[in-house]
Visitor: 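Right, I'll just put the structure down here and ask away after.
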Amino acid sequence: MITVVKNIFKLDSEETSYLFRVLDTGHLEQLYYGKKIQVCDDYSLLFEKHGIAFGNTVAYDQSDVNLCLEQLCLEFSTNGKGDFREPILQIKDRRDCRVSDFVYVGHQVYSGKKEVEGLPSSYGACETLEIILEDRVTRAQVVLHYSVFERCDCIVRRMSVIAAEQEITLERALSMQLDLPGEDYSMVTFNGAWVREMQGEEKTLSRGIYVNDSKTGVSSNHHNPFVILKERDCVENSGGCYGVHLIYSGNHCEIAEVNPYGRTRILSGINPHCFSRKLRAGERFETPESVMSYARGTAQLSKNFHAFINEHIVRGHWKNKTRPVLLNSWEANYFDIDEEKILQQARKAQALGFELFVIDDGWFEGRNDDTSSLGDWAPDHKKFPNGFKTLSEEFEKIGIGMGLWIEPEMVSENSGLFREHPDWALCVPGLAPSCGRNQLVLDLSRDDVCEHLISTIIKRIQSAKISYIKWDMNRNLSDVCSALLSHNGDLYHRFTLGYYKLAAAITGAFPEILFEGCSAGGNRFDLGVMCYMPQIWASDNTDAHCRMQIQRSVSFGYPQSVVGAHVSALPNAQTGRLTSLQTRFGVAAFGMLGYELDLFELSEREQNDIARQIAWYKQHRGMMQFGQQYRLTLPTNYDGMMVVDDRQQNAVVLMYQTLHLPNDVSPVVKLTGLDEARRYTISEMGADQPFATANGDLLMNCGMKLERFSHQENGAGIYLPDFGVKIFCLKSE
Ligand code: DGJ
């Protein structure tokens, strides 16, 4: 609920309150963001007191010589009037002057929210506040948008900038600013690289600036555009924390600054690096949306974001709809695929219970390795002599869906498309472009390029009965220069807008096809993609041990429904590690389950085990995919996740052991998310009989002391091996 009393704005969700006010000068002072507080008639205790002007400070104006912007928690900041922190907006006027001074001129509150033109955005029941500010220097206006999603305790924010009669240049236009009192925070960021995405790292903030950003052209595996700011005492179930997500897939930045006065500022938005955008009189610029949430404890913060993403980001046919179990051709075959092989695998897959077979890279004309053919999207007639229409009919007869891999944003130099349109790739005239995976990036800022790709890809998908598309993007951007020179000021951003244009047109043309985003694994894993594609391949790392860590980190900001996870062959292609089929399954089953191995290379026993795993998963799929997922807190040698259904009636627990420690005792496993009063029977996956019965309060408060971390094989007890898992099913009436 949004209430406006005199000059105070109060944004309430079910559990949180967010307050700011308009000062006499017209600036906005941030007053409070945290646990919900009641409406009261006097908030003056929250106002910053500034009785004395200290040396060396800049007084905003002579009407109050004690008011210094840098000492306040501000709701909006620019450059040049005494706030020396990183600003949310920086504009340059005709004279190259970078001073601006935005003050309040009005506001409106309405139910619902507007879409953001050209950008993906959240949707659904909410209430919106718009604050209008005007610059005393250029008369440009800014609109700050706040949409409150009450039930999941999220506030979505963005900014519009509108030039007045004079042209301005935006040098920085971020999406959100949050100034907090105090300086005892740590910031959790999710960092990495290819095959080691989402490594959560926590840094204690101290005076100065810390930046989490991407300059790669995509949201990146280097630094995910999701961060958490924790109060000092924050752990899973207590202590305040703030989460910030950006609904954007391009260069981004999240800046944390602690100033000399012990105020902490968080900013998030499009990375100002290589960004400048001219706005002529009356032109408008929209920033992407940012989603923020406050919670007591990171478990609740994750819950808020899981609900928000499932309800207000993922949309269309696949929203809250169970996903098929798939077999992907990549790790089993790489580029070596053909009709016969594919059909053989598809038949076998169907017999084991798979519902979808995905033909990954290597299916199009001349694509025998990664040096050629991107851009030429026709099936290779040598590999697929009967074409895809016939192939998809064969799939239909077999009774399994057909999925296809594409990489629309790229072009190989060795391709018909590049020979015909060399200027369609990003490059600097006269300078040889740098390749990544032997390929160049198409200039998606150009309408002609986007139109060509949209019609080519739509025709290709229409040419057969396809039920799933994996949309890949395998390199970062370099040589970011367009043949359309007027695009160069903000070409990274225009590229991202072009990607959204493609994504909207192509996914929009096939509402029932399941699209899975991918960027060499999780190089573009963000809410922008999720507005078009309900799931993303989280990492090319399919090693269960690494995946356990990756998926655990992912779960801080994202629900399991958006995470593609596969069981692959041994030894693992990325780490060479050997883990049991049960471990690989257990970990993958905590994402959207798929397999990526050659079924014909498996023993009969392994094939039967896979059939049993798939049958079990299908039986629990609603809960595994859309139930509430939690992280367990365990000693370092162990890890655990669990998922609980909506009615807290059923749950599945995954216990993971890193190394087998000889002569050690098993950890006490405290569960979470259960109904305290319910009585649960607990059995191991696949066992006929439960091994224990207990109430939710015992399981959560006391925990389970499990008999040795071992299992029975051929009548004898053996230790759970290195990287072993136990999967427990909980049921109550
Ligand atoms: C990178 C992806 O992450 C892989 O899963 C696979 O699709 C390859 N690209 C294909 O080139």
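All ligand and atom numbering here is 1-based and tracks the order in the structure. The shown structure was predicted, so the numbers you read here are calculated from the model rather than taken from an experiment.
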Visitor: Which is it for K470 and ligand 1 at heavy atoms under 4.0 Å: side chain, backbone, both or neither?
Guide: side chain

Visitor: Go through ligand 1 atom by atom and flag the ones less than 4.0 Å from a non-hydrogen atom of W537.
Guide: 3 (O), 5 (O)

Visitor: Is the closest side-chain donor-acceptor distance between N221 and R196 under 3.5 Å?
Guide: no

Visitor: Any side-chain heavy-atom pair from M530 and Y558 closer than 4.5 angstrom?
Guide: yes

Visitor: Please state which part of C518 comes within less than 4.0 Å of ligand 1, counting heavy atoms only: side chain, backbone, both or neither.
Guide: side chain

Visitor: Please classify the E331 to ligand 1 contact at 4.0 Å (heavy-atom distances, strictly less than): side chain, backbone, both or neither.
Guide: neither

Visitor: Using modelled atom types and a 3.5 Å cut-off, is there a donor and acceptor pairing between side-chain atoms of S329 and backbone atoms of D360?
Guide: yes

Visitor: For atom 9 (N) of ligand 1, find the nearest protein heavy atom and state the residue, atom name and distance (0.1 Å precision).
Guide: D472 OD2, 2.7 Å

Visitor: Assess the side chains of E254 and N212: does a donor N or O sit below 3.5 Å from an acceptor N or O?
Guide: yes

Visitor: Quick one: which of L477, N476, V480, D479 gives a side-chain contact (heavy atoms from CB on, under 4.5 Å) with V441?
Guide: L477

Visitor: How close does the nearest protein non-hydrogen atom get to atom 6 (C) of ligand 1, and which residue and atom is it?
Guide: D360 OD1, 3.4 Å

Visitor: Would you say E407 touches ligand 1, if touching means a heavy atom closer than 4.0 Å?
Guide: no

Visitor: Check V291, V314, V562, L246 against L527 for a side-chain contact (heavy atoms from CB on, under 4.5 Å) and give me the one that passes.
Guide: V291

Visitor: Let me know which of D380, D361, D336 forms a salt bridge (Lys or Arg N to Asp or Glu O under 4.0 Å) with R367.
Guide: D361

Visitor: For D370, which part has a heavy atom under 4.0 Å from ligand 1: side chain, backbone, both, or neither?
Guide: neither

Visitor: How far is atom 3 (O) of ligand 1 from its nearest protein heavy atom, and which residue and atom is that?
Guide: D540 OD1, 2.4 Å

Visitor: By number and element, which atoms of ligand 1 are closer than 4.0 Å to a non-hydrogen atom of D361?
Guide: 10 (C), 11 (O)

